[in-house]
There are 2 protein chains.
Amino acid sequence: MSAMLEPRARAISRNRRVAGMDPDKRHQILEGANAVFAARGFDAASMNDIAAAANVSKGTLYVYFEDKEHLFVALIEREREKQKQGMYAALADEPSLTLALTNFGTGLVRLLTGPFALSAHRIVLGVAERMPDLGREFYERGPMQGAQHLAAFLEQRVAAGELAIGDVALAAAQFVDLCQSTLMRPRLFNAVRTPPGEDEVAHVVGEAVATFMARYGKAAR
Amino acid sequence: MSAMLEPRARAISRNRRVAGMDPDKRHQILEGANAVFAARGFDAASMNDIAAAANVSKGTLYVYFEDKEHLFVALIEREREKQKQGMYAALADEPSLTLALTNFGTGLVRLLTGPFALSAHRIVLGVAERMPDLGREFYERGPMQGAQHLAAFLEQRVAAGELAIGDVALAAAQFVDLCQSTLMRPRLFNAVRTPPGEDEVAHVVGEAVATFMARYGKAAR
DNA sequence: AAATAATCGAACCGATCGGTTCGATTTGCT
DNA sequence: AGCAAATCGAACCGATCGGTTCGATTATTT
């Protein structure tokens with residue numbers, strides 16, 4: 001108490017003298033959970049495995065997370081925040097319409113076909129029937145929010161006279177789906193075990209932009 | 001022929017004098033399995049539940065199916081055969097290109113957003129990491145085969161001068177994905193708990209056809 | 001009616017699960 | 001150095017799982 005708020009500030013930023021509050025340990029646990037969930041799915045991932053993978057005792061595990069579902073939700077939320085930043089940057093920064101779409105689509109596909117988004121999708125879909133709230137939240141805060149961002153962007157370009165779109169929300173969803181054609185589905189089903197190559201992504205996204213512009217574009221063509 | 005192979009015919013079609021061979025009982029079991037798998041997913045569906053739902057003793061269950069995975073595979077295969085017929089009819093029968101696409105797309109969406117395809121997708125995706133063969137087979141004999149059928153159809157129309165397509169396989173995948181925009185994803189995540197209405201399907205498929213034709217159509221526009 | 005075989009039903013098996021408990025050990029603060 | 005708290009680790013709990021076994025029951029065949 002040398003000053004007034006010394007102890008509190010230390011307890012938060014530097015100490016781990018509060019049970020279940022050490023951010024490093026928390027991170028460590030989430031890393032282990034990530035590995036085990038990705039490899040085995042939700043049901044088949046045991047808390048024993050996770051504790052072992054994280055090099056943490058099972059007791060400590062339950063100090064940091066109250067049960068398996070909360071641990072999984074925390075993992076998803078952390079990863080979402082980690083990957084969301086910069087996803088929508090392409091839409092705000094790039095003046096060229098087709099280039100903005102291309103960059104956005106490329107980033108989207110890279111993210112979706114990556115190992116984390118893939119396993120997260122599999123797990124959430126696998127339990128969506130039993131845990132509808134988890135499925136709904138995952139959808140609303142992920143894919144749906146992405147489509148809405150894109151829709152808002154398209155709206156601007158419509159107002160600017162660059163696009164002519166009747167149903168903007170549908171058009172946004174169409175573009176998102178066009179970008180994934182051929183790439184996401186076989187990956188989800190594990191029929192293709194490696195992420196698509198740079199050239200493959202460029203081709204599919206390019207064709208997505210072309211199709212999208214053929215329908216909704218006003219200037220060129 | 002009534003004379004000579006009577007007994008054999010009876011043994012197959014009428015009798016149940018061979019263990020695990022009664023088609024009615026097999027059907028009964030699959031019905032129960034369908035209900036339980038759909039409601040709980042693969043891992044959480046217990047063989048006890050399935051036996052109870054099918055009004056069959058657990059012992060009998062294991063006479064007809066050697067384990068849970070085989071039971072699930074048999075269920076999927078039965079349902080696939082049941083629903084595949086007539087799916088590709090629209091492509092063969094209809095002379096009008098846009099009408100053929102519309103009919104195909106409508107049937108596709110109806111099937112995919114229906115309760116069985118939905119739960120089958122969730123389950124297979126949920127275990128795709130642990131059971132890669134199941135995921136790959138499901139994909140290859142379902143979605144992939146559908147896309148190939150459509151690609152073959154598109155190829156004909158390209159040869160007939162009605163379409164101009166560079167990458168036919170990609171174009172087919174694009175159309176399939178366009179048809180599902182807005183409809184399939186929220187349903188998969190259980191964010192929308194009822195199948196889309198007739199009008200909604202018509203709108204989305206109509207827009208899918210419009211976008212597809214804007215890019216690849218030759219005649220109009 | 002007697003025989004024969006499929007099915008039932010209920011107990012049982014070993015394994016594993018999520019989650020808890022608690023004494024031993026480590027860690028960081030004073 | 002000495003203390004207090006976080007963590008460890010291993011045993012433990014009740015429940016449930018997939019799968020098996022076996023005597024009782026039911027239905028079909030002769």
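The chains referred to below are lettered A, B, ... by the order of the sequence lines, with proteins before strands, and numbering in each begins at 1.
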(request) Indicate whether any N or O donor in one side chain lies under 3.5 Å from an N or O acceptor in the other, for B:Ser46 and B:Asp49. (result) yes
(request) Go through C:dT7, D:dC8, D:dC17 for me and flag the one nearest to the B:Tyr64 side chain. (result) C:dT7
(message) For B:Thr60 and A:Arg40, find the nucleotide of DNA chain C closest to each by heavy atoms; which residue's nucleotide sits nearer the 5' end?
(response) B:Thr60
(request) Please report, rounded to the nearest Å, how far the C1' atom of C:dA6 is from the CZ atom of B:Arg26. (result) 17 Å
(request) Among C:dG19, C:dT7, D:dG19, find the nucleotide with the atom closest to the side chain of A:Tyr62. (result) C:dG19
(message) Regarding B:Asp49, tell me which of base, sugar-phosphate or nothing describes its non-hydrogen contacts under 4.0 Å with the strands shown.
(response) nothing
(message) Suppose we call two aromatic rings close when their centres sit under 6.0 Å apart. Are B:His70 and B:Tyr64 close by that rule?
(response) no
(message) Would you say the rings of A:Phe138 and A:His121 are close, in the sense that their centroids are separated by under 6.0 Å?
(response) yes
(request) Take atom CG of A:Leu61 and atom P of C:dG18, then tell me their distance rounded to the nearest Å. (result) 10 Å
(message) Let's test your reading of the model: under 3.5 Å, does the base of C:dG9 pair with the side chain of B:Lys58 as donor and acceptor?
(response) no
(message) What is the separation between atom CG on B:Leu71 and atom P on D:dG19, rounded to the nearest whole Å?
(response) 10 Å
(request) Please state how far atom NZ in A:Lys68 lies from atom P in C:dT20, giving the value in whole angstrom units. (result) 14 Å
(request) Give the rounded distance in Å between these two atoms: CG of A:Asn55 and P of D:dA6. (result) 21 Å
(request) Go through D:dT7, C:dC8, C:dC17 for me and flag the one nearest to the B:Val56 side chain. (result) C:dC8
(request) Hey, can you tell me if A:Phe42 and A:Phe72 have their rings parallel, tilted or perpendicular (30° and 60° cut-offs)? (result) perpendicular
(request) Among C:dG19, C:dC8, D:dG19, find the nucleotide with the atom closest to the side chain of A:Asp67. (result) C:dG19
(request) Compare the minimum distances between each of C:dG19, D:dC8, D:dG18 and the side chain of A:Ser57, then state the nucleotide with the smallest one. (result) D:dC8
(request) Measure the distance from CG on B:Asn48 to C1' on D:dT20 and round it to the nearest whole Å. (result) 12 Å
(request) Give one of base, sugar-phosphate or nothing for B:Ala52, where a contact means two heavy atoms less than 4.0 Å apart. (result) nothing
(request) Mind calculating the distance between CG (A:Asp24) and P (D:dT7) to the nearest angstrom? (result) 11 Å
(request) Would you kindly give the CG-to-C1' distance between B:Asp43 and D:dC17, to the nearest whole Å? (result) 11 Å
(request) Compare the minimum distances between each of D:dG18, C:dT20, C:dT7 and the side chain of B:Val63, then state the nucleotide with the smallest one. (result) C:dT7
(message) By nearest atom, which of the nucleotides C:dG19, D:dG18, D:dT7 is closest to the A:Lys25 side chain?
(response) D:dT7
(message) Any salt bridge linking A:Glu198 with A:Arg110? Criterion: basic side-chain nitrogen under 4.0 Å from a carboxylate oxygen.
(response) yes
